[in-house]
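Report on the following structure.
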Amino acid sequence: MAYKYDSENIFAKILRGEIPNDTVLETDHALAFRDIAPQAPVHVLVVCKGPYVNFDHFIDEASEEEIVDFNRAIGQVTARLGLNPDEAHDGTGYRILSNSGAHGMQDVPHLHVHILGGRKLGRLVERAD
Ligand code: 5GP
């Protein structure tokens, strides 16, 4: 499968330092920063540093090291922000999601995961019926 990555997308510019961001965490293969238009009291984006368009591209072509680092970064952000609902952390929970393609309503064509929390988030999607 050939994926077309546009290196002029906004997250590529953030990763190159051309656009500022409010960083929450940085690892070898991931950068987490606050969303510019938050849809919840906590809204953080975790972006893979590698040039992957979406989750499918990432899973097809990323190294195991990148995949592990990226997923661990997501867990580190939820812990750092105090969202984990387990007994050790006592947070109130969160939602992670990654939009892909037209029906996923993906705006920025660079793999990223949204972390949302800080309020009760409602249903995952609107019911169609
Ligand atoms: P998508 O629809 O692609 O899953 O989500 C893209 C997200 O990126 C949106 O929530 C949008 O608010 C956020 N975003 C777009 N441009 C910028 C930017 O320049 N800086 C930051 N921090 N977030 C951005």
Side-chain angles (χ1 to χ4, degrees):
M1 174 77 193
Y3 296 95
K4 264 180 140 177
Y5 179 79
D6 169 17
S7 57
E8 290 308 306
N9 77 76
I10 200 104
F11 293 166
K13 291 179 180 175
I14 286 175
L15 287 167
R16 290 196 296 266
E18 294 166 15
I19 294 175
N21 72 89
D22 185 358
T23 298
V24 175
L25 178 88
E26 181 165 12
T27 66
D28 286 349
H29 297 289
L31 181 69
F33 51 88
R34 294 190 189 273
D35 196 293
I36 204 166
Q39 294 181 39
V42 177
H43 188 170
V44 171
L45 302 169
V46 187
V47 172
C48 180
K49 288 184 177 175
Y52 303 105
V53 175
N54 55 25
F55 186 76
D56 311 87
H57 189 187
F58 184 61
I59 290 304
D60 279 354
E61 296 188 3
S63 67
E64 299 209 350
E65 188 183 321
E66 286 175 294
I67 292 170
V68 169
D69 180 284
F70 181 68
N71 280 285
R72 285 240 164 86
I74 295 168
Q76 286 163 359
V77 170
T78 60
R80 187 167 289 194
L81 297 177
L83 297 173
N84 287 6
D86 61 87
E87 275 181 32
H89 294 85
D90 205 24
T92 46
Y94 58 89
R95 178 172 295 156
I96 57 176
L97 63 90
S98 188
N99 296 320
S100 183
H103 279 194
M105 299 190 74
Q106 180 180 10
D107 280 336
V108 181
H110 181 113
L111 170 67
H112 56 282
V113 165
H114 296 254
I115 300 174
L116 297 148
R119 68 167 165 81
K120 207 163 188 182
L121 294 164
R123 294 212 171 272
L124 183 57
V125 292
E126 290 170 29
R127 292 174 65 110
D129 52 18

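As the structure is a prediction and not an experimental result, all values here were calculated from the model. Counting starts at 1 for both ligands and their atoms, following the listed order.
- Under a 4.0 angstrom heavy-atom cut-off, Asn21 registers as lying outside contact with ligand 1.
- In terms of polar-atom proximity, Asp35 is counted as a contact of ligand 1, with an N or O under 3.5 Å from an N or O of the ligand.
- Among all non-hydrogen protein atoms, the one lying nearest atom 19 (O) of ligand 1 is Ile10 CG1, 3.7 Å.
- The shortest N or O to N or O distance between Leu45 and ligand 1 is not below 3.5 Å.
- Annotation for ligand 1: atoms under 4.0 Å from non-hydrogen atoms of Asp107 are 1 (P), 2 (O), 3 (O).
- At least one N or O atom of Val108, backbone or side chain, sits closer than 3.5 Å to an N or O atom of ligand 1.
- With hydrogens and angles disregarded, no donor-acceptor distance shorter than 3.5 Å links the side chain of His110 to the backbone of Ser7.
- Glu18 CD: more than 12 foreign heavy atoms inside a 6.0 Å radius.
- Geometrically, ligand 1 and His43 share no nitrogen or oxygen pair separated by less than 3.5 Å.
- The part of His112 lying near ligand 1 is the side chain, judged by heavy-atom distances below 4.0 Å.
- Not a single heavy atom of Lys13 sits closer than 4.0 Å to an atom of ligand 1.
- In terms of polar-atom proximity, defined here as any N/O pair under 3.5 Å, Met105 does make such a contact with ligand 1.
- Residues Ala30 and Asp69 approach most closely at N-OD1, 3.6 Å, considering heavy atoms.
- Of the listed residues (His29, Glu26, Glu66), just one forms a side-chain hydrogen bond (donor to acceptor under 3.5 Å, both in side chains) with Lys49, and that residue is Glu26.
- Close to ligand 1: Ile14, with a non-hydrogen atom less than 4.0 angstrom away.
- Close N/O approach between Gln106 and ligand 1 is not found [any backbone or side-chain N/O within under 3.5 Å].
- Counting non-hydrogen atoms of other residues, nucleotides and ligands closer than 6.0 Å to CZ of Arg95 gives a total above 12.
- Atom CD of Glu65 sits in a sparse spot, with 12 or fewer heavy atoms from other residues, nucleotides or ligands closer than 6.0 Å.
- For atom 22 (N) of ligand 1, the closest heavy atom belonging to the protein is Arg34 O, 2.9 Å.
- In terms of protein heavy atoms, atom 24 (C) of ligand 1 is closest to Ile36 CG2, 3.4 Å.
- Protein heavy atom at the shortest distance from atom 8 (O) of ligand 1 is Phe11 CZ, 3.3 Å.
- Side-chain atoms of Arg80 come within 3.5 Å of backbone atoms of Val24 as a donor-acceptor pair (strictly under, hydrogens ignored).
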